[in-house]
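First the structure, in the form of structure tokens, and then the observations on it.
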Amino acid sequence: MSYDIQAKKGNIPYKEVIRLKSIYIRINNEKTDFINDILVGQRKLQVLLQSPNYIFPDVDLNTWARFQQQHPVDSLVEIALDQRPDYKISKANINYANLNLQYQRRLAIPDISIGGDYDQRGGAFINQVGLMFSMPLPLTNRNQGNIKAAEQSAKSVVTLQQQVKSEITAHVTNSWLALNRSVQEYAKARTMYNADFTTVF
């Protein structure tokens, strides 16, 4: 490092060299953290896109203008609720629980069977024609345990859907706020960065 040489010659104090080295180490650690974040994001992208190759982002120069025009967070939440598979699964679970409840209630209704019977010589009369009527016993309080279980299941899946909706809303809102903050910081950095930095460097 050229500062080491200058310090040995006595042109600059050695403590300035140590200070610059500590700044370099700090910046290098931050760079390592950023690289690790990029690698984690790259891994997620590869899993999401089912690609074994490294994915190079192709950023259009007009992309920044699109980031500055933010959509309202409510519309983004609606899009997320319409597209997220976990919310769709929770809605399907509600439909399933309601259908199961209807089925269990229908099972409580006794099955009544009516039919005819004919016997030529085996009955009390010759050519006996009979009418059959049957129904299961007991007639009341049938399938009550399964009905109560289905009712509780229907209530629980509604609660789970509300929880999933709250999680999606919070996730989208926090991401929207983080993006807005990043856009503001980037805009501030663009106004602060000018040719003076290059001159001083």
Side-chain angles (χ1 to χ4, degrees), residues 33 36-55 57 63 66-67 69-183:
D33 290 340
N36 288 335
D37 291 341
I38 290 171
L39 292 176
V40 169
Q42 183 64 221
R43 185 190 72 223
K44 290 179 181 177
L45 266 178
Q46 287 175 326
V47 171
L48 185 65
L49 299 176
Q50 294 294 308
S51 173
N53 302 324
Y54 190 88
I55 298 163
T63 304
R66 290 202 303 269
F67 280 126
Q69 299 170 354
Q70 289 296 317
H71 293 283
V73 69
D74 295 335
S75 66
L76 295 175
V77 169
E78 290 299 321
I79 292 171
L81 292 176
D82 188 48
Q83 300 292 327
R84 289 275 296 256
D86 49 353
Y87 189 69
K88 289 181 179 179
I89 290 171
S90 67
K91 286 168 67 175
N93 286 338
I94 289 177
N95 292 335
Y96 169 76
N98 290 332
L99 289 174
N100 184 40
L101 179 58
Q102 291 177 11
Y103 173 69
Q104 297 300 334
R105 286 180 176 161
R106 297 257 169 91
L107 287 178
I109 301 171
D111 293 330
I112 298 173
S113 299
I114 299 175
D117 183 46
Y118 172 75
D119 197 341
Q120 189 173 12
R121 293 198 181 269
F125 309 103
I126 297 174
N127 297 326
Q128 177 180 334
V129 177
L131 178 67
M132 291 189 307
F133 176 81
S134 67
M135 74 171 96
L137 295 176
L139 296 176
T140 58
N141 295 328
R142 289 172 44 87
N143 205 30
Q144 293 303 308
N146 288 338
I147 291 174
K148 288 181 181 176
E151 287 174 348
Q152 292 302 320
S153 177
K155 290 178 183 176
S156 68
V157 293
V158 168
T159 304
L160 287 174
Q161 186 201 28
Q162 291 172 349
Q163 178 184 352
V164 170
K165 184 177 181 179
S166 298
E167 288 175 358
I168 291 172
T169 304
H171 185 262
V172 171
T173 304
N174 288 340
S175 299
W176 184 80
L177 291 172
L179 178 62
N180 275 342
R181 178 169 174 76
S182 298
V183 168

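Being a predicted model, the structure only gives us computed values, none of them experimental. The figures that follow rest on heavy atoms only: side chains count, while hydrogens, waters and symmetry mates do not.
Identified under the salt bridge (charged side-chain N to carboxylate O under 4.0 Å, His left out) test for residues 75-86, with sequence neighbours left out: Arg84-Asp86. Every pair passing salt bridge (charged side-chain N to carboxylate O under 4.0 Å, His left out) that includes a residue from residues 97-107 is listed here, sequence neighbours excluded: Arg105-Glu151.
Contacts of Ser134 classified as side chain to side chain contact (heavy atoms under 4.5 Å, CB included), with partners at least two apart in sequence or in another chain: Ser113. Partners of Gln162 by side chain to side chain donor-acceptor pair (under 3.5 Å), not counting sequence neighbours: none found. Remark: Asn100 pairs with Gln104 by the side chain to side chain donor-acceptor pair (under 3.5 Å) rule, at least two apart or across chains. Looking at residues two or more places apart in sequence or on another chain, you find a side chain to side chain donor-acceptor pair (under 3.5 Å) between Tyr118 and Asn127. With sequence neighbours excluded, no residue satisfies side chain to side chain donor-acceptor pair (under 3.5 Å) with Asn98. Considering only residues two or more places apart in sequence or on other chains, Gln42 meets the side chain to side chain contact (heavy atoms under 4.5 Å, CB included) condition with Gln46, Tyr54, Ile55. For Ile79, the side chain to side chain contact (heavy atoms under 4.5 Å, CB included) test picks out Gln83, with sequence neighbours left out. Residues satisfying the side chain to side chain contact (heavy atoms under 4.5 Å, CB included) test with Lys155, not counting sequence neighbours, are Gln152.
Here the shortest heavy-atom pairing between Ser153 and Ser156 reads O-OG, 2.8 Å. Scanning both residues, Ala97 and Ala154, for their nearest heavy atoms gives CB-CA, 3.7 Å. Between Asn93 and Val157, the shortest heavy-atom contact is O-CG2, 4.0 Å. Nearest heavy-atom pair, Thr173 versus Val77, reported as atom, atom and distance to 0.1 Å: OG1-CG2, 4.4 Å.
To the nearest 0.5 Å, atom CG of residue Leu179 and atom CG of residue Asn174 are 12.5 Å apart. Distance CG/Asn143 to CD1/Ile109: 11.0 Å, rounded to 0.5 Å. Between Asp74 atom CG and Trp176 atom CH2 the span is 9.0 Å, to the nearest 0.5 Å. If you take OG on Ser90 and CG on Leu81, they are separated by 9.0 Å, rounding to the nearest 0.5 Å. Atom CG of Leu99 is separated from atom CD of Gln102 by 5.5 Å, given to the nearest 0.5 angstrom. Interatomic distance, CG of Leu131 versus CG of Asp117, reported as 9.5 Å (0.5 Å rounding).
Contact check for Ile147 versus Gln144: side-chain heavy atoms found under the 4.5 Å cut-off.
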* **Trace of the side-chain contact (heavy atoms from CB on, under 4.5 Å) decision for Ile168 with His171** => CA-CA 5 Å; Ile168 291 172; His171 185 262; 5.7 Å; no
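The environment of CG in Leu49 is crowded: more than 12 heavy-atom neighbours from other residues, nucleotides or ligands sit within 6.0 Å.
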